[in-house]
Amino acid sequence: MTNISKGLLTLQLVTILAGTFPHAALGDANEGMTRVALPSSGPKCLDGNPAGFFWRAGRNGATDKWLIFLKGGGFCNSQKECKSRSETKSGSFVRTKSVPNNVALMNDPESPFIDFAYVYMPYCSGDNWMGTMEDNDWGLPRMGHSILEAAVDELITSGIWADATEVILNGNSAGGAGVIANIDWIHDKLKPRNIKVSGVPISGWSGTWRVDVNPSTKDQPQEEKDAVQMEAMANTGVYVRPACAAADPCLMADQILPFLQTPIFVLHNRWDSIHSGWLMSEPSFEHDAILLMYGEELEANMASLVAHGPQHGFFIPSCFAHDGLYGEYIGSTSTMQALNAWYHRSGNAEEAQQYQMMDTHGRDLKCSPSCGGNCNCKHALCLGCDDPSNGAHIDFSSAGGGVIAEETLTSFDDC
């Protein structure tokens, strides 16, 4: 089995508004937004039409600090699937006329980025924001990386980023995978301009250690699975940063990790419901063993991230969900508290325990009592909600991966 088959989951400037923009973070996401179509000669969406983006200034018209959001939406693995997607706004910027009002880091008043200027990148390439190929055997452009590159160029050359000092690259699901794949590229691109770059991937940490126990595919000959994945990759032209290319393949988060240079904060669930949702159908010893393996491998990945230094952070509660990480706690620490601690970090390794957090509930296949915001595990996947008094997080600074006891929120005592 190849690493690829194990891990792969499935401007033209319209107008630049002058003056002070209203701050729309807690209201209509489209207020003050400018829609920008990239030139017809630039990178294309799956439907063959130009891609594009939306942008607006921050609080009181500020344009120094920016958040770029890469929308998610999965990876299309076949010509048929990508063709179907090309006929919807998931494969067409032409069909995308507005911005959704659900980008958490631009809506939560506790977010450290709430006042930032904002670039919203619709997802129309079906390639985890990694593709560079316009002409392929499928006749369907897959150019996610090229689209991001062209958008950054437009933001620079148009003068929109004339005052930029900081950029946060954020995305969810396939967009989160896109953050991991592109964060060092955008760092290198903006370094000559002295623009600080960091990344916040949400539900995008997918590793090569996944095991296929999907009843519909687990007995399929591996050669057939490999052929499907290799055909998809051959029609994508995946961007791989040169430093990582020698490790071929270098596509999944755990393959990119050893080469990662730019600070990131990983938001992910111990059991991501998209990455492991197929396990729900067959509760069994195999089911439990795979869940334990999934959590252990993710824990090992985070230990490696810690070894890179205190510039990286993560928040990983033992919940079964995809995205939806904004009402969870680890002990008494909320998602946004950990994110703020990471963003305002001083670089002290001891301080990093405030934002390098993964709870211990999942080591016994128990859900965190805060899942879903109120002891709601949502699925009968894990072995029920754990007792809140067991609240602790893993001490990645200790050789044995010990635990750090932490005050537990009393609001979950009734769990």
Side-chain angles (χ1 to χ4, degrees), residues 3 6-9 72 128 171-174 176-177 179-181 199-213 251-258 260 264-280 286-308 312-325 328-331 333 335 338-339 342 352-353 355-368 370-371 377-379 381-383 386 392-398 400-404:
N3 281 339
K6 286 183 187 176
L8 195 56
L9 289 176
N128 285 6
N172 71 312
S173 193
V179 171
I180 296 163
V200 184
I202 301 173
S203 298
W205 193 275
S206 182
T208 53
W209 33 265
R210 287 185 65 231
V211 176
D212 187 0
V213 297
L251 305 173
M252 312 306 292
D254 58 340
Q255 295 169 332
I256 295 170
L257 174 57
L260 191 65
I264 62 170
F265 185 85
V266 178
L267 279 168
H268 204 81
N269 285 299
R270 181 181 279 264
W271 305 296
D272 186 283
S273 59
I274 294 295
H275 299 181
S276 61
W278 27 260
L279 296 175
M280 290 172 54
E286 179 185 43
H287 162 139
D288 291 349
I290 295 297
L291 282 180
L292 284 170
M293 179 277 296
Y294 189 96
E296 288 168 357
E297 292 289 350
L298 186 58
E299 190 173 319
N301 280 184
M302 294 305 104
S304 296
L305 201 60
V306 169
H308 277 233
H312 300 304
F314 49 86
F315 188 86
I316 302 178
S318 295
C319 298
F320 180 75
H322 186 65
D323 204 355
L325 285 142
E328 280 73 22
Y329 285 78
I330 294 179
T333 303
T335 305
L339 179 60
W342 168 77
Q353 293 179 354
Y355 56 80
Q356 292 177 339
M357 303 189 75
M358 183 174 187
D359 73 39
T360 57
H361 299 293
R363 286 180 165 180
D364 296 322
L365 288 183
K366 297 287 185 68
C367 279
S368 163
S370 71
C371 293
C377 295
K378 297 193 175 185
H379 296 279
L381 180 75
C382 49
L383 303 180
D386 203 0
H393 67 271
I394 298 164
D395 182 4
F396 286 97
S397 65
S398 68
V403 300
I404 301 173

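Nothing here was measured: the structure is a model prediction, and the numbers come from that model. Start at 1 with the first residue, then count along the sequence.
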Any idea which heavy atoms bring [X] and [Y] closest together, and the distance?
X	Y	result
P201	I264	CD-CB, 4.3 Å
S368	Y329	OG-O, 3.6 Å
D254	W205	N-CZ2, 4.5 Å
N269	D323	ND2-O, 3.4 Å
N301	L257	O-CD2, 3.6 Å
G204	I180	O-CD1, 3.6 Å

Query raised in the report: Under the side-chain contact (heavy atoms from CB on, under 4.5 Å) criterion, do T333 and H393 qualify, and how do the steps go?
Result: CA-CA 10 Å; T333 303; H393 67 271; over 6 Å; no
Query raised in the report: So C319 and C367, disulfide bond (SG atoms under 2.5 Å apart) or not? Walk me through it.
Result: CA-CA 5 Å; C319 298; C367 279; over 6 Å; no
Query raised in the report: What is the ring orientation for F396 with F314, classed by angle as parallel under 30°, tilted 30 to 60°, or perpendicular over 60°?
Result: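 Plane angle over 60°, so perpendicular.
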To the nearest 0.5 Å, how far apart are [atom1] in [X] and [atom2] in [Y]?
X	Y	atom1	atom2	value
T335	L267	OG1	CG	6.0 Å
S318	L365	OG	CG	9.0 Å
R270	D359	CZ	CG	6.5 Å
L339	F265	CG	CZ	5.0 Å
I316	D272	CD1	CG	10.5 Å

Query raised in the report: Where the side chain of Q356 meets the backbone of H312, is there a donor-acceptor pair that is under 3.5 Å apart?
Result: yes
Report task. Measure the shortest side-chain to side-chain distance between M302 and I394 over non-hydrogen atoms and say whether it is less than 4.5 angstrom. Result -> no
Query raised in the report: Going through the checks in order, is the side-chain contact (heavy atoms from CB on, under 4.5 Å) test met by V200 and V179?
Result: CA-CA 7 Å; V200 184; V179 171; over 6 Å; no
